[in-house]
Amino acid sequence: MAPEDGTGNADAGALPGSIYDTAERTLLREQVQRFVAREIEPRADAWERQGSVPREVLRRMGELGWLGLMTPEAFGGADVDAVTNYVYAEALSQSTHGGFVVTVLVHTDMASPHLVHAGTDEQKRRWLPGVVRGEVLTAVAVTEADAGSDVARIRTSAKRDGDSFVLDGSKMFITNGVNADLFFVAARTAPLEAGARGISMFCVERGTPGFRVGQVLDKSGWRSSDTAELVFDGCRIPASQMLGAENQGFFALMKNFQRERLALAAMAIGNAQSALGLALAHVKGRSAFGGVLWDRQAIRQQLASLHARTEAARSFALHCAWLSAQGRECVREMSELKALCGELANDVAYACQQFHGGMGYIRDTAIERLWRDARILAIGGGATEVMLEEAAKRL
Ligand SMILES: Cc1cc2nc3c(=O)[nH]c(=O)nc-3n(C[C@H](O)[C@H](O)[C@H](O)COP(=O)(O)OP(=O)(O)OC[C@H]3O[C@@H](n4cnc5c(N)ncnc54)[C@H](O)[C@@H]3O)c2cc1C
């Protein structure tokens, strides 16, 4: 089970005999794993230091057809189903550089799907081809300093003025916030008392007067992902840039939550697979007490247990992807999956770092980065507690 591909992933190319495996998915997984091993892992330490992923990497991924896998073919996408997309996201997430992974998956699975689902034909024709090619990087801006888990409490306003809307307010923790070209912004089009029924979505381009990047946020992990505060100060956009129907924005967000949660679960599973691969290779080679660490039953059994939990989570993730591909109701399953995987990635990363000893605490070793990058997976895109509430409501 030694890592062979530089990602630390011991199970690269696994799923033998899985009912979810097809020739197309196997090929895609292998292509993505090769890309990660050759083009990401050797270069991404520099991106961690600079705090962003170079645009040429995203353009290259666009050329490979990976930035619009679920986008309709008419707009340059591949129109694959949620299972194939999950296979892609998991393989990408086996990179030990979570900042790179989230830059891509926010663009493909959390931001641009809003345009695919709710965009008018004109909006789609204007932006989607560039999105798929990696020329138009996207972000989704919902969270505010005073409203994160409780999305219905956002205060950024969008007031109608003739043929325009004028946006005022600010957004917090926005991934791709510094470098995105197109932002899907949730803003209030009815008073706060209207709660979830008073939110609409808008397309806002970088460079629009009255819109600027505020603070660039310095994070513990995901360091190659740029995260920012966004400020809207009398930002006027044409009314034609409203995305979807007025006051239906919250429901549009909810519609994409399942895809977002699945992508975050893929990130967590990829992170755990890589951490396990690195730990297995380490303990099998590390001499101690007249043998290697692997000879210690306590270590072996803990790694076997974490491996079993990761495999179980992965099977559940594939099942959730399949439910989604069938168009079935799966809010409870996806919420459970996100809660489960966010915590699992942290358990796995913690133990695998422990087995690396002092080296596991040295900055920018792969295992140290995986441990740092795992932390946000239990917080962002719906904290574990919030996901469990969503699940509990449906039990
Ligand atoms: C690196 C990073 C990237 C992000 N990217 C984006 C992005 O691209 N776009 C975007 O819109 N947002 C983004 N976010 C925001 C992220 O989704 C929120 O941080 C997250 O939803 C939690 O919201 P909050 O930070 O306001 O925490 P709060 O809502 O204040 O919650 C704090 C904590 O309280 C607990 N809690 C909350 N509600 C409950 C409950 N009902 N029951 C029990 N416990 C509860 C949880 O432990 C939670 O972590 C990002 C955040 C980070 C850190």
Side-chain angles (χ1 to χ4, degrees), residues 48 51-53 97-115 137-156 167 169-188 196 199-204 206 213-232 243 249-250 252-254 256-257 259-261 263-265 267-268 271 335 338-339 342-343 345-346 369 372-394:
E48 290 271 298
S52 63
V53 176
H97 295 86
F100 156 74
V101 181
V102 75
T103 300
V104 176
L105 293 185
V106 161
H107 175 66
T108 55
D109 285 75
M110 303 179 211
S112 64
H114 289 290
L115 185 56
L137 183 65
T138 57
V140 57
V142 182
T143 305
E144 299 180 356
D146 293 327
S149 306
D150 192 359
V151 174
R153 303 287 304 166
I154 64 163
R155 286 173 183 273
T156 294
L167 273 63
S170 64
K171 296 286 171 184
M172 195 56 170
F173 306 133
I174 306 308
T175 300
N176 299 343
V178 180
N179 292 323
D181 305 289
L182 180 62
F183 297 77
F184 304 114
V185 181
R188 187 154 283 296
I199 295 170
S200 306
M201 296 292 291
F202 296 90
C203 305
V204 182
R206 191 225 299 248
V213 174
Q215 210 189 336
V216 177
L217 301 163
D218 188 12
K219 305 185 299 300
S220 159
W222 278 1
R223 294 195 61 83
S224 44
S225 155
D226 56 287
T227 313
E229 176 199 21
L230 307 178
V231 179
F232 301 89
L243 185 61
F250 183 83
L253 288 168
M254 284 183 37
N256 199 55
F257 274 163
R259 177 144 170 212
E260 188 172 320
R261 288 168 192 166
L264 287 157
M267 287 193 75
N271 182 301
S335 308
K338 166 68 176 60
E343 297 299 316
N346 280 280
R369 190 168 50 247
R372 262 189 288 124
D373 288 349
R375 190 65 191 91
I376 182 65
L377 294 167
I379 300 172
T384 299
E385 297 86 345
V386 175
M387 293 297 91
L388 292 176
E389 281 298 305
E390 284 302 305
K393 272 187 230 165
R394 294 168 173 82

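We number each residue from 1, following the sequence as shown. All ligand and atom numbering here is 1-based and tracks the order in the structure.
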### Message
Quick one about Glu144 and Thr156 (side-chain donor to acceptor, distance below 3.5 Å, no hydrogens or angles considered), yes or no?
### Response
yes

### Message
Between Met110 and Leu264, does the side-chain contact (heavy atoms from CB on, under 4.5 Å) criterion hold? Intermediate values first, please.
### Response
CA-CA 10 Å; Met110 303 179 211; Leu264 287 157; 3.9 Å; yes

Using a 3.5 Å distance criterion without hydrogens, assess whether the side chain of Lys171 forms a donor-acceptor pair with backbone atoms of Phe232.
no

### Message
With the threshold set strictly below 4.0 angstrom, can you tell me whether any protein non-hydrogen atom sits that near atom 53 (C) of ligand 1?
### Response
yes

Within the structure, does Ser149 bring an N/O atom to less than 3.5 angstrom of an N/O atom in ligand 1? yes

I want to know if ligand 1 touches Val142 in the polar sense, i.e. an N/O pair below 3.5 angstrom.
yes

May I ask whether atom 30 (O) of ligand 1 is less than 4.0 Å from at least one protein heavy atom? no

When distances are taken from atom 40 (C) of ligand 1, the protein heavy atom at minimum range is Val386 CG2, 4.3 Å

*When you check the gap from the basic side-chain N to the acidic O, do Arg394 and Glu390 get nearer than 4.0 Å?*
yes

Next on the checklist: Between Arg223 and Asp373 (salt bridge meaning N to carboxylate O under 4.0 Å), is one present in this structure?
Outcome noted: no

| query | So is Gly381 polar-close to ligand 1, meaning N/O to N/O under 3.5 Å? | reply | yes

Practice task
Would you check the N or O atoms of Glu385, main chain and side chain alike, for any that come under 3.5 Å of an N or O of ligand 1?
Solution key: yes

Quick note on ligand 1: atoms under 4.0 Å from a heavy atom of Ala383 include exactly 46 (C), 48 (C), 49 (O)

Nearest heavy atom to atom 18 (C) of ligand 1, choosing from Leu388, Asp150, Thr143, Val151, belongs to Thr143

Is there at least one pair of N or O atoms, one from Val106 and one from ligand 1, spaced under 3.5 Å apart? no

Exercise for review: Please determine if Glu389 has a nitrogen or oxygen closer than 3.5 Å to a nitrogen or oxygen of ligand 1.
Suggested key: no

When distances are taken from atom 3 (C) of ligand 1, the protein heavy atom at minimum range is Thr175 OG1, 3.2 Å

| task | May I ask you to check whether Ala147 has an N/O atom sitting below 3.5 Å from an N/O atom of ligand 1? | result | no

Ring pair (Phe, Tyr, Trp, His ring centres under 6.0 Å) filter on Phe100, not counting sequence neighbours, yields none

